[in-house]
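Okay, so here's the structure we're looking at.
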Amino acid sequence: MSTFPCRPRSAFDVLMSNAYESRTRKRKAPVEISQTSNFTVKKSDSNPIGGAHVKNSQVKISPDESLVELKKKAANFDVKRAVYWGEGEKVPFMFVVKAFDALLKESGRIAITEIVCNMLRTVIETTPGDLLAVVCLLANRIASPHQGLELGLGDASIMEALAGACGADVNRIKKQYTDLGDLGLVAKASRSSQPLMHKPEALTVAKVFDTFQLIAKESGRDSQRKKKNHIKALLVAATDSEPQYLIRLLQTKLRIGLAERTLLTALGHAAVYSEKHSSPPGNVDNPLEEAAKIVKQVYSVIPVYDKMVPALLSGGVWNLPKTCRCSPGIPVVLMLAKAAKGVSKVLEKFQNMEFTCEYKYDGERAQIHFMENGSVEIYSRNAERNTGKFPDVVAAVTRLKKPCIKSFVLDCELVAYDREKQKILPFQVRTSCKLGFLLLTRARKNVVMNGIKVDVCIYAFDILYVNGQELLQERLDVRREHLYKSFREEQGFFQFATSITSNDPKEIEQFFDDAVNSSSEGLMMKTLKKAATYEPSKRSNNWLKLKKDYMDRYSDTISPDVWFEPTEVWEVKVADLTIHPVHRAAIGIVDPD
DNA sequence: GTGTGGTGCACC
DNA sequence: CTTCAGG
DNA sequence: CCTGAAGGTGCACCACAC
């Protein structure tokens, strides 16, 4: 047990305080996510996860021997034979790099999951303070999307940094990249040209992760140069395969066959193996599966590692649904719909179930959060913070929520709207001969109300949270009642998605045509009662989408007489293009109608 | 300061 | 957003 | 079913030149 100058701070304390801070900061503002330095983890009995003490007297294990252990089946895996750093030391970057290499060569998901699970067990049981950084590297994320922290590096900048670090010409690097097809391999093959007085200290996961944070936070004058210098510093200290994965991480192209879902599964499994002080609820017969499910579920509601990882460490996996809860200000991962090819297919899938049909509006998906303190946040489909783009939407929800509504999370589509003609503007609008994207072209930041050229109407179709109450587990018909009674509609500002509840194919076909005629893409068909909860992050069968595109491309009446196999490409020089009003070749490609 | 080009990135 | 290939 | 890649447009941001 280590001593502390003042109150002992556990890894958890540190992580939590930073997690809170990062959540409350504004987009693009500096965010502290992991400060994993200068403290030793305090082990206490209140911490349900953890346990393996690493004795410095232990026989030295090499990274490669450690990897052999990591590849073992979870049941035969022994943390003590995988860990090769001492108590109080940080997880070496080499530890994850070796695992990356192993994962790269492995294609089976079961095996991938086991390797990751073993890695995570090792970290949890020896160096829990580094768990967040390890998880973030495995996920290849430096922050959650809504925190707005990005590296701001593309291949071009990375290649410049690489060239600088190994004293090579950028063009040579570019050429090598083209030849090898992997910038990581180029980095691995390039020897640093920098004469070094001392062998630099081995990279740690924490060091790499913290440097990534620094890179992301650099902005303004000379920021590009500073970013490159950070990269160079890492490359200089990197050995073996480390440069390869540093570069791939910076490119966000890890390509090791480990996607986030698999990582979450492994995290759930690892938590079960490392759980020391609490056991699964009695009714669980497959704890591994159950834990994986919990982690995935919780992460889809709170997709923020710096909230989930500390909660997992402190309260254990079985308490995670209680310790890590949905709240306005943190975007819930959206529920997605599966594509259906025709009304008959939908009826097939929904037989014996009540369902509803809604217009599928053609705009931008948005999740609007209203906090108790009256502030509003708008998140995009990918949980990017969009608030600065839609001050008009912020004003509209604030004005049109019922006075008794103090907080909510709303799922909706933001649609370009012509308030004079009182109709939806098509998502794609013709400007001369080019297709313009009305909403896409709106400025993304600091939009002021007066400057808005294209108005937006909110089409609300779901509510996930209202007045402190989580509605995700409620049926759609119940959620919709909450939605209807929480807002006041106003033409062109805030409307509920047009819907019918019917299982008559004729009626649905008609409704589909109405939708398309009023500039919608088609229909969304959703179960109302049975299998009708909101399933965050799932492309669920509860929601089906029916679009013209999915049905067959041309009408029977004016179908082309002859189709040609494309065999040649002609380049035609023209002054202008006009869409033909009658002939329908390339319909939906050149013009929607 | 202002304009331009390169780069990164998010949207459908 | 879509599509597709490969496992 | 999962993973990874690709496709095309326009805003934001930075570097650089004037």
Side-chain angles (χ1 to χ4, degrees), chain A residues 27-28 103-113 116 139-140 145-146 148-161 170 174 181-182 215-228 248 250-266 296 334 336-339 360-366 378-386 388-390 413-416 426-431 433-447 451 453-454 456 520-522 537-541 545 547-550 553 588-590 592:
Chain A
R27 185 189 169 92
K28 286 292 170 199
L103 294 169
L104 183 68
K105 289 170 195 142
E106 189 57 70
S107 64
R109 202 186 327 283
I110 295 171
I112 289 179
T113 310
V116 177
N140 204 176
H146 82 284
L149 197 65
E150 265 147 25
L151 288 168
L153 294 167
D155 287 347
S157 325
I158 296 174
M159 285 191 280
E160 281 176 38
V170 187
K174 276 184 193 158
D182 176 7
I215 292 171
K217 284 182 219 158
E218 296 292 358
S219 71
R221 207 184 159 76
D222 279 345
S223 58
Q224 292 303 309
R225 189 180 54 76
K226 287 178 191 162
K227 281 174 198 266
K228 282 172 210 159
R248 284 191 178 191
L250 291 166
Q251 281 183 298
T252 0
K253 282 182 190 166
L254 209 41
R255 300 189 307 175
I256 53 171
L258 174 71
E260 206 149 39
R261 285 182 94 76
T262 313
L263 171 61
L264 294 168
T265 302
K296 278 187 273 191
L334 296 178
L336 304 170
K338 277 195 177 153
K360 185 180 190 308
Y361 295 93
D362 197 1
E364 274 185 54
R365 183 95 177 258
I378 302 171
Y379 299 106
S380 74
R381 179 197 149 81
N382 293 317
E384 299 281 336
R385 191 171 167 276
N386 251 344
K389 182 176 174 181
F390 297 109
E413 190 82 10
L414 303 180
V415 182
F427 187 71
Q428 290 180 111
V429 155
R430 190 167 312 287
T431 359
C433 80
K434 267 176 103 178
L435 287 175
F437 296 81
L438 280 179
L439 278 187
L440 252 45
T441 54
R442 186 189 268 207
R444 299 211 185 101
K445 294 183 163 183
N446 305 318
V447 171
K453 297 217 171 62
V454 178
V456 162
S520 285
E521 284 183 299
S537 93
K538 281 199 188 151
R539 194 173 289 285
S540 168
N541 275 316
K545 54 182 169 181
K547 297 212 290 185
K548 253 214 160 101
D549 322 12
Y550 305 151
R553 201 4 105 51
I589 299 172
V590 177

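Sequence lines set the chain letters: A, B, ... in the order given, protein chains first and strands last, and positions in each chain run from 1.
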Mind calculating the distance between NZ (Lys338(A)) and P (dC1(D)) to the nearest angstrom?
4 Å
Write out a two-atom table: protein N or O, nucleotide N or O from nucleotides 2-4 of chain D, distance below 3.5 Å.
| from | atom 1 | to | atom 2 | distance (Å) |
| --- | --- | --- | --- | --- |
| dC2(D) | O4' | Arg109(A) | NH2 | 3.0 |
| dC2(D) | O3' | Arg109(A) | NH1 | 2.9 |
| dT3(D) | OP1 | Thr262(A) | OG1 | 2.3 |
| dG4(D) | OP1 | Gly257(A) | N | 3.0 |
| dG4(D) | OP1 | Leu258(A) | N | 3.4 |

Where the side chain of Ala443(A) is defined as all heavy atoms beyond and including C-beta, which of dC12(B), dA12(D), dT7(B) is the nearest nucleotide?
dA12(D)
Nearest-Å distance, CG (Leu151(A)) to C1' (dC14(D))?
16 Å
It should be established whether Lys226(A) places a side-chain nitrogen or oxygen under 4.0 Å from OP1 or OP2 of nucleotide dA15(D).
no
Any ion pair linking Glu521(A) and Lys547(A) (charged N to carboxylate O, less than 4.0 Å)?
yes
Would you mind reading off the distance between Leu153(A) atom CG and dA12(D) atom P, rounded to a whole angstrom?
20 Å
Which nucleotide wins on minimum distance to the side chain of Asn382(A), given the candidates dC11(B), dT2(C), dT7(B)?
dC11(B)
How far, in whole Å, is dT2(C) from dA10(B) if one measures between their C1' atoms?
15 Å
Ignoring the backbone of Arg444(A), work out which of dG10(D), dC9(B), dA15(D) is nearest its side chain.
dG10(D)
Under 4.0 angstrom between Lys445(A) side-chain N/O and dC13(D) OP1 or OP2:
yes
Under 4.0 Å, counting only non-hydrogen atoms across every strand here, what does Gly108(A) touch: a base, just sugar-phosphate, or nothing?
nothing
Candidate pair Glu364(A) and Phe390(A), rule side chain to side chain contact (heavy atoms under 4.5 Å, CB included), full reasoning:
CA-CA 11 Å; Glu364(A) 274 185 54; Phe390(A) 297 109; 4.2 Å; yes
Provide the distance between the two C1' atoms, one in dA6(D) and one in dC9(B), to the nearest whole Å.
15 Å
